[in-house]
Amino acid sequence: MKAVIPAAGQGTRLFPHTHTKPKAMVRLAGQPILGHILESLAETDISEVIVIVGTSMQTQILEYALDAYGEVFEFTFVEQASAEGLGHSIYQAREAIDGEPILITLGDMLFENGHARFLEIHRQDDAHDGSIGVKRVVEPSHYGVVEVDGDDVVNLVEKPDDPPSDLAISGVYVVERTDALMDALGHLIENDLRGAGGEFQLTDALQRIIDDGVTLRTFEVDEWYDCGRPETLLEANRVLLSRDSQTSDETCDNSVIIPPVDFGRGVTVTGSIVGPNVSIDDGTHVETSIVTDSIIGEAASIEQINLTESIVGDFAEVCGQPTNLNLGDNSSINL
Ligand code: G1P
């Protein structure tokens, strides 16, 4: 089995961070989103990983993956030259997939359960040709939605106005019959059968293979984190730090560090309160500040500021000002 990570999306909901890095390279809790995904895949028996990258900034993904996980996986990088949807992106990898079973895991989704657990659930049942991770949600029309009959998926629809169920596709799929999937994707693309958002949808291809007799089932994922939005990126940061936080006290001078936090190499903190739930990348300096629930990039400078639920990019400078007051008795002021 091979893993396929579609990571070509532009990541518009994470602007301005994705102006300078691909979404999969946005960091949280000590490593890029891609690093967390690869860390989870490293617990499986998968040794070949196909990463689908966009045309711009793809070098960042290649360099990171080879540098951090080049000893663990055999990588193939496939370019998606035009942003025409998830189905289109998977189709670009057809030669690299080469008819083998695949585990698809979206490049912006993290899961509380690891991928090893997903594969274990899939393999417990040899009556189906594939499994789709799902989660019950309040607003299914924002997602791909599946309808099941007993153990079988019978209907899939992408971002429906009138959802047939509350089971949202969560972004992890196991497909054994990749020959059928590639035929279905090829059919959609060759006949310009675009789905939701005018894009070629993986969901529509999965519906086609079911119609052709391929059997799919679902499994429920526990918590999931769509790292493609600032609020959920920060939430994922909190959860991942609560599992595995790291500090190095020698870098802190007259400061209070409230765990969980993750500091990269060469981070210096002076006269500040940092934490909880703060992830700071290499070489950043924090001085006379309070920082909670935030992700701070590499070689940034944070001075005289109270930051919460903030995302600060690499090499950014944030400098506040102390307030000077001459305030009378019984006053009330909100700054
Ligand atoms: C994609 C899939 C959708 C799934 C979602 C999960 O949509 O097409 O079926 O529910 O991921 O995040 P996107 O988020 O790319 O619009």
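Arg117 has no carboxylate O lying under 4.0 Å from a charged side-chain N of Glu43, or vice versa, which leaves the two without a salt bridge. Salt-bridge formation is not detected for the pair Arg238/Glu235: no Lys NZ or Arg NE/NH1/NH2 atom is positioned less than 4.0 Å from an Asp or Glu carboxylate oxygen. The pair Arg217-Asp151 fails the salt-bridge criterion, with no side-chain N (NZ, NE, NH1 or NH2) lying under 4.0 Å from an Asp/Glu carboxylate O. The existence of a salt bridge linking Glu84 and Arg194 is confirmed by a sub-4.0 Å separation between a basic side-chain nitrogen and an acidic carboxylate oxygen. A salt bridge is absent between Arg177 and Asp183; no separation between the charged side-chain nitrogens and carboxylate oxygens falls under 4.0 Å.
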Problem - From CA spacing to verdict: side chain to side chain donor-acceptor pair (under 3.5 Å), Thr44, His115 - result: CA-CA 7 Å; Thr44 70; His115 292 89; over 6 Å; no
Exercise for the section: Apply side chain to side chain contact (heavy atoms under 4.5 Å, CB included) to Leu241 and Val278, showing your working. Expected result: CA-CA 8 Å; Leu241 285 177; Val278 174; 5.6 Å; no
Handout entry: Verdict with supporting geometry, Leu103 and Val175, side chain to side chain contact (heavy atoms under 4.5 Å, CB included)
Key = CA-CA 6 Å; Leu103 167 73; Val175 182; over 6 Å; no
Exercise for the section: Begin with the C-alpha distance, continue with both residues' side-chain angles, and end with the deciding distance and a verdict on side chain to side chain contact (heavy atoms under 4.5 Å, CB included) for Val4 and Ile90. Expected result: CA-CA 8 Å; Val4 180; Ile90 301 291; 4.1 Å; yes
Practice task
Mind running side chain to side chain donor-acceptor pair (under 3.5 Å) on His122 and Glu176 for me, showing each step along the way?
Solution key: CA-CA 10 Å; His122 169 73; Glu176 303 272 352; 2.7 Å; yes
Problem - Verdict with supporting geometry, Ile37 and Leu110, side chain to side chain contact (heavy atoms under 4.5 Å, CB included) - result: CA-CA 7 Å; Ile37 295 172; Leu110 298 179; 3.6 Å; yes
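Between Leu66 and Phe75 the shortest heavy-atom distance is CD2-CD1, 3.9 Å. Listed here is the closest heavy atom pair of Thr76 and Ala96: CG2-CB, 3.9 Å. Summarising the geometry of Leu156 relative to Leu206, their closest heavy-atom pair is CD1-C, 3.9 Å, with the distance given to 0.1 Å. Contact record, Cys227 with Ile33: CB-CD1, 3.4 Å, taken as the closest heavy-atom pair. Looking at every heavy atom in both residues, Leu119 comes nearest to Met1 through CD2-SD, 3.5 Å. Closest heavy-atom contact between Gly275 and Thr292: O-CG2, 3.1 Å.
Using a 4.5 Å heavy-atom threshold, the side chains of Asp204 and Leu193 count as separate. Counting heavy atoms from C-beta on, the side chains of Phe219 and Val134 never come closer than 4.5 Å. Looking at heavy atoms from C-beta onward, Val291 lies in side-chain contact with Ile296 at the 4.5 angstrom threshold. The side-chain heavy atoms of Ile50 and Val78, taken from C-beta on, include a pair separated by under 4.5 Å.
Side-chain atoms of Asp226 and Thr232 include no donor-acceptor pair closer than 3.5 Å. Residues His128 and Thr215 bring no donor and acceptor atom of their side chains to less than 3.5 Å of each other. In this model, a donor atom of one side chain and an acceptor atom of the other lie less than 3.5 Å apart for Glu39 and Gln31.
The ring of Phe118 has its center no closer than 6.0 angstrom to the ring center of Trp224.
Between the Ser272 side chain and the Thr270 main chain, a donor and an acceptor come within less than 3.5 Å of each other. For the pair Arg94 (side chain) and Tyr91 (backbone), a donor-acceptor distance under 3.5 Å is present. With hydrogens and angles disregarded, no donor-acceptor distance shorter than 3.5 Å links the side chain of Thr288 to the backbone of Gln304. Of the possible donor and acceptor atoms, one in the side chain of Ser170 sits under 3.5 Å from a partner among the backbone N and O of Gly133. Remark: the backbone N or O of Gly85 is paired with a side-chain donor or acceptor of Gln80 at under 3.5 angstrom. In this structure, the side chain of Ser165 engages the main chain of Val146 through a donor-acceptor pair within 3.5 Å. With hydrogens and angles ignored, the 3.5 Å screen pairs no side-chain donor or acceptor of Asn237 with any backbone N or O of Leu28. A donor-acceptor distance shorter than 3.5 angstrom exists from the side chain of Gln92 to the backbone of His88, with no hydrogens or angles considered. Under the 3.5 Å distance criterion, the side-chain polar atoms of Ser331 are matched with a main-chain donor or acceptor of Gly328. Remark: side-chain polar atoms of Asp293 are not paired, donor with acceptor, to backbone N or O of Thr308 under 3.5 angstrom.
Rounding to the nearest 0.5 Å gives a distance of 8.5 Å between OG of Ser310 and CD1 of Ile305. Rounded to the nearest 0.5 Å, atoms NE2 (His17) and CE (Met25) are 14.5 Å apart. For the atom pair CD1 (Ile102) and CD1 (Ile97), the distance works out to 4.0 Å, reported to the nearest 0.5 Å.
Within 6.0 Å of the CD atom in Glu317, the count of heavy atoms belonging to other residues, nucleotides or ligands does not exceed 12. Sparse packing is recorded around CG of Asp161, with 12 or fewer heavy atoms of other residues, nucleotides or ligands lying under 6.0 Å away. Annotation: Gln10, atom CD; neighbour count of heavy atoms from other residues, nucleotides and ligands within 6.0 Å does not exceed 12.
Note on Val256: it does not cluster hydrophobically with Val274, by side-chain heavy-atom contacts below 4.5 Å among ILVMFWY residues. In the hydrophobic clustering of ILVMFWY residues, with side-chain heavy atoms under 4.5 Å counting as a link, Leu34 and Tyr69 come out together. Linking ILVMFWY residues whenever their side-chain heavy atoms come closer than 4.5 Å, directly or via other members, leaves Ile273 and Ile280 in distinct clusters. A single hydrophobic cluster is not seen to contain both Leu307 and Ile290; linkage of ILVMFWY side chains at heavy-atom distances under 4.5 Å, directly or through other members, places them apart.
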